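One structure below.
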Amino acid sequence: METIEVVICGCGPTGAMLSAYLGQLGVQNIVLERELDITTDPRGIALDEDGIRLLQGVGIYDKIFTEIGQKMGYFNFITSSNDLHATPFLRFNNNTIEGGTGHPGFICHKQPVMEKCLRNEIASHESCELRCGAVVDGIEEDENWVYVSYVDQDGNQKKIRAKFLAAADGKTGFTRKKYLEAKGVSMEKDLKFRYEEAWVALNWKITPPTQETHPDFPLWRLGYKPEQVYDEFFPKDFRFICNPDRPSVCGRFGLCTDRLWRFEYVLKPGEDPVAMAEYENVKKVVFPYLTHPGKRYNLTRDVVFPEDCIEVIRSRPFTFSARSCNIWALGRVILCGDAAHVFPPFGGQGIASGFRDANSLAWRLAIACRPGFTQYEALLSAWYVERKQQLESSLAATIVNGNMCNERSKVKIFLRNWYLWLLQLIPSWKHWLELGPRQNGMTKYNYTPGLPFLPDLGGGAAFPQVLCKPLGAPEKMKPLFTDDVIFHPKKSTLFQLVVLLDSEGDLQRASHDLAGLERDSAGELRQEEVTYIISNQVKRDQLAHQSSGYQGSTFRVVCVSEYDPSCWDGLPEPIGYDGLRMRKEVSGKYVIVRPDRFIFAMCQGKEDLQRASQSLARLVSGEEL
Ligand SMILES: Cc1cc2nc3c(=O)[nH]c(=O)nc-3n(C[C@H](O)[C@H](O)[C@H](O)COP(=O)(O)OP(=O)(O)OC[C@H]3O[C@@H](n4cnc5c(N)ncnc54)[C@H](O)[C@@H]3O)c2cc1C
């Protein structure tokens, strides 16, 4: 029988991301995907900065702004029932790099293109294989293996034996419904956010009118160009239309040149979902926003965007709710992505949550697949305890947006808008409000026994990312992301040690403190793979001189004053970027970072480092689980 370390059921964004990360870690995996090709229907369009960081982690950063999408800009909260240019009563600024990941807040992307890029990554790893047209139809387990049956694209029944099955088969997936539900696994409604409403989601492709195609269009007389007409009717930035009569959201997605537009609106009680997705009804909801009063242009007649410039790509009703499974891993079978949890649309958290599942699962599976490792149940339970904590905060962000969007009481809306208007008169409060969910800082897990980090050494917090350059690099060199140097593909260990250098003595102390690192960590950390980061800008030159012996593994943090568009090609403009972010959030000199970019431990000196290294060794061997 065919035998493999991990079978992944489903190659949506979650399954593809998991396979790519497993491939990076050299874990043999086969992905079984029911469909022959990538689903061309763009569903998810918003991806948050964690999601961007995880795309970067699989090695496709260069595709993000060239093929996959663009910065999402502001989230504008408006109440108007017919004007997308109405002044927002609240804005979240997603252009800035203030979240700590080194990336802007959100991108709006084309899901099929993102999936294609992920599949290309899968194809680049020898340890990964994607089988399309393969429908999983049976699962069995014994003590040592899980057996996955599937029908291949020629109709042949096949079976694979694997150490683990990761089911990323979506919210109605086979694995939960046909296998795990009978064992007590269920998808439960979130008790804090009992949201469940039907929406219609539209994707339109816009071809702007031209003087040749629409000679009578009134804006030509005013000197408008087709591009300006497009910007007028389908403006930049994303809008939460908090219209109590019909909450909606809308905005561009994909690359600028794709000219794709998403509009989603809620259905009222009694409305037939299918009928409401038909063009005549869609028109009644959307066209008020695409009809501009003549006075906006000093014209006597209203200006309506030409209907024949709109191609409907999707128009379907959808029920959104907040639900998650009680158990995400049972025996050798694991649920991830939509198979384990679903979100309402307001926070753009569906795909990013699946990505977080995948990335944080990949390294655990790499450990669980090691010969002789037996504590996989404890390892995987700890995985979903952490994931559930993080899901709560994703949901909290979703709830804030959702409540804002769905408020139906006109009195409450009036009071809220005035209150927010007043707050925004004070610049620092305005800035704080514009941070949106980033006000809460980066994710930090609350420790419960078994979680893989040391709480007394500051473990469990997300590790910030900044830009850096190798020591001695030419001024004109394009900056690098710290994740890319810390987790360089040539490095061999799962966990990485980062040394933050602030003062002259630090370097000498480090060489003393790091002696015995490999022994203490039982080979889980290696001295030659340590990354040295000079994070204190003031001492930079002094340290640079001293640490010249560490060339190749020593990097200096790049600060915002070094911004030079000519050599930052492909990197977003560093608005709100803080080169000292890593130093501010990390209190130790030696940081053991997990592969999912969370801190295992922050150590001040040799003693802490020794203890953390030994604890890491016990964790990875299963002794400390
Ligand atoms: C209208 C709409 C708007 C959305 N907007 C957003 C948004 O803005 N941002 C966001 O992050 N998310 C959004 N989402 C949600 C997002 O699309 C999902 O969270 C995401 O696709 C989940 O990815 P996944 O890989 O976990 O599951 P899926 O994408 O559902 O993939 C599951 C895969 O498993 C395969 N499969 C299923 N059963 C089997 C089987 N038996 N054998 C083999 N293969 C199988 C399927 O073919 C599929 O390819 C939206 C969803 C919808 C519908």
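The structure presented is a predicted model; accordingly, all values stated were derived computationally and were not measured. Counting starts at 1 for both ligands and their atoms, following the listed order.
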Worksheet item: Below 3.5 angstrom, do we get any N/O pair linking G173 and ligand 1?
Response: no

Discussion item. Is it the case that the side chain of K71 and the backbone of F106 share a donor-acceptor pair, with hydrogens and angles ignored and the cut-off at 3.5 Å?
Written reply: no

Worksheet item: Between the main-chain N or O of T101 and the side-chain N or O of Q465, is there a donor-acceptor pair closer than 3.5 Å?
Response: yes

Worksheet item: Has P13 got any heavy atom lying under 4.0 angstrom from an atom of ligand 1?
Response: yes

Worksheet item: Should the pair D237-R91 be classified as a salt bridge under the 4.0 Å nitrogen-to-oxygen rule?
Response: yes

Practice prompt. Output yes when E141 and R332 qualify as a salt bridge under the 4.0 Å nitrogen-oxygen rule, no when they do not.
Written response: no

Discussion item. Run the side chain to side chain donor-acceptor pair (under 3.5 Å) test on R53 and Q56 for me, step by step, so that the C-alpha distance in whole Å, both residues' side-chain angles and the decisive distance to 0.1 Å come before the verdict.
Written reply: CA-CA 5 Å; R53 188 178 189 181; Q56 174 206 336; 5.4 Å; no

Discussion item. Does K236 form a salt bridge (Lys or Arg N to Asp or Glu O under 4.0 Å) with D231? I'd like the steps, not just the answer.
Written reply: CA-CA 7 Å; K236 286 184 193 144; D231 287 343; 5.3 Å; no

Item to complete: Under 4.0 Å from a heavy atom of A168: give me the atoms of ligand 1 that qualify, with their elements.
Response: 32 (C), 33 (C), 34 (O)

Worksheet item: To which protein heavy atom is atom 41 (N) of ligand 1 closest, and what is the distance rounded to 0.1 Å?
Response: V136 O, 3.2 Å

Discussion item. Please list, in number order, the atoms of ligand 1 under 4.0 Å from a heavy atom of A134.
Written reply: 42 (N), 43 (C)

Worksheet item: Is K283 salt-bridged to E307, going by a charged N under 4.0 Å from an acidic O?
Response: yes

Worksheet item: With a 4.0 Å cut-off, would you call R246 and E197 a salt bridge?
Response: no

Worksheet item: Backbone or side chain, does any N or O of A46 fall under 3.5 Å from an N or O of ligand 1?
Response: yes

Worksheet item: Side chain, backbone, both or neither: which part of H109 has a heavy atom under 4.0 Å from ligand 1?
Response: neither

Item to complete: Determine, using heavy atoms of L47 and all atoms of ligand 1, whether some pair is separated by less than 4.0 Å.
Response: no

Item to complete: Identify, by atom number and element, the atoms of ligand 1 in contact range of F174, meaning under 4.0 Å from any of its heavy atoms.
Response: 41 (N)

Discussion item. Looking at ligand 1, is there an atom of it that comes within less than 4.0 Å of some heavy atom belonging to C9?
Written reply: yes

Worksheet item: Parallel, tilted or perpendicular: which describes the rings of Y61 and F481, with under 30° parallel and over 60° perpendicular?
Response: perpendicular

Worksheet item: Is there at least one pair of N or O atoms, one from E264 and one from ligand 1, spaced under 3.5 Å apart?
Response: no

Worksheet item: Do K388 and E386 meet the salt-bridge criterion of a basic N to acidic O distance under 4.0 Å?
Response: no

Worksheet item: Only one of W383, Y445, F463 clears ring-ring contact (aromatic ring centres under 6.0 Å, His included) with F598; which?
Response: Y445

Discussion item. Taking only non-hydrogen atoms of K171, do any sit less than 4.0 angstrom from ligand 1?
Written reply: no

Discussion item. I'd like to check whether I45 has a polar contact with ligand 1, where a contact means an N/O of the residue lying under 3.5 Å from an N/O of the ligand.
Written reply: yes

Discussion item. Parallel, tilted or perpendicular, judged at 30° and 60°: which one describes the rings of F318 and F320?
Written reply: tilted

Worksheet entry | Protein residue, atom and distance nearest to atom 52 (C) of ligand 1, heavy-atom basis | R43 CB, 3.8 Å

Worksheet item: Given that the side chain starts at C-beta and the backbone is N, CA, C, O, which of these parts of Q111 lies under 4.0 Å from ligand 1, counting heavy atoms, or is it both or neither?
Response: side chain

Worksheet item: Any side-chain donor-acceptor pair under 3.5 Å between N82 and S80?
Response: yes

Discussion item. Heavy-atom distances under 4.0 Å decide this one: backbone, side chain, both or neither, for H341 against ligand 1?
Written reply: neither

Worksheet item: Any Lys/Arg nitrogen of R131 or E129 sitting under 4.0 Å from an Asp/Glu carboxylate oxygen of the other?
Response: yes

Worksheet item: Considering only protein heavy atoms, which is closest to atom 27 (O) of ligand 1, and at what distance to one decimal place?
Response: G170 CA, 3.7 Å

Item to complete: Could you tell me which atoms of ligand 1, counted from 1 in the order shown, lie closer than 4.0 angstrom to a heavy atom of R314?
Response: 1 (C)

Worksheet item: What atoms of ligand 1 come within less than 4.0 Å of a heavy atom belonging to G10?
Response: 33 (C), 34 (O), 35 (C), 44 (N)

Worksheet, complete the sentence: shortest atom 25 (O) of ligand 1-to-protein heavy-atom contact is with T14 N, 3.0 Å

Worksheet item: Nearest to atom 36 (N) of ligand 1, what protein heavy atom do you find, and at what distance?
Response: D169 CB, 3.9 Å

Worksheet item: Which atoms of ligand 1 are found less than 4.0 Å from any heavy atom of V135?
Response: 42 (N)

Item to complete: Could you check atom 6 (C) of ligand 1 against the protein and tell me its nearest heavy-atom contact, residue, atom and distance included?
Response: G44 CA, 3.1 Å

Worksheet entry | K178, NZ atom: more than 12 neighbouring heavy atoms under 6.0 Å | no

Discussion item. I'd like to know if D142 and R161 make a salt bridge, using a cut-off of under 4.0 Å between side-chain N and carboxylate O.
Written reply: no

Discussion item. Can you classify the ring geometry of F287 versus W204 as parallel (below 30°), tilted (30 to 60°) or perpendicular (above 60°)?
Written reply: tilted

Worksheet entry | Ligand-residue contact atoms, ligand 1 with I351, heavy atoms, under 4.0 Å | 10 (C), 11 (O), 12 (N), 16 (C), 19 (O), 20 (C)

Worksheet item: If hydrogens are left out, which of C336, A339, G251, G12 has an atom nearest to atom 31 (O) of ligand 1, that is, the closest non-hydrogen atom?
Response: G12

Discussion item. Checking contacts here: is it the side chain or the backbone of A201 that comes within 4.0 Å of ligand 1, counting heavy atoms only? Could be both or neither.
Written reply: side chain

Worksheet item: Got an N/O contact under 3.5 Å between D338 and ligand 1?
Response: yes

Discussion item. Is the contact between L32 and ligand 1 made by the side chain, the backbone, both, or neither, using heavy atoms and a 4.0 Å cut-off?
Written reply: backbone

Worksheet, complete the sentence: Nearest non-hydrogen contact to atom 48 (C) of ligand 1 from the set Q349, E33, R34, E35 belongs to E33

Worksheet item: Which of the atoms of ligand 1 are close to G337, meaning less than 4.0 Å from one of its heavy atoms?
Response: 26 (O)

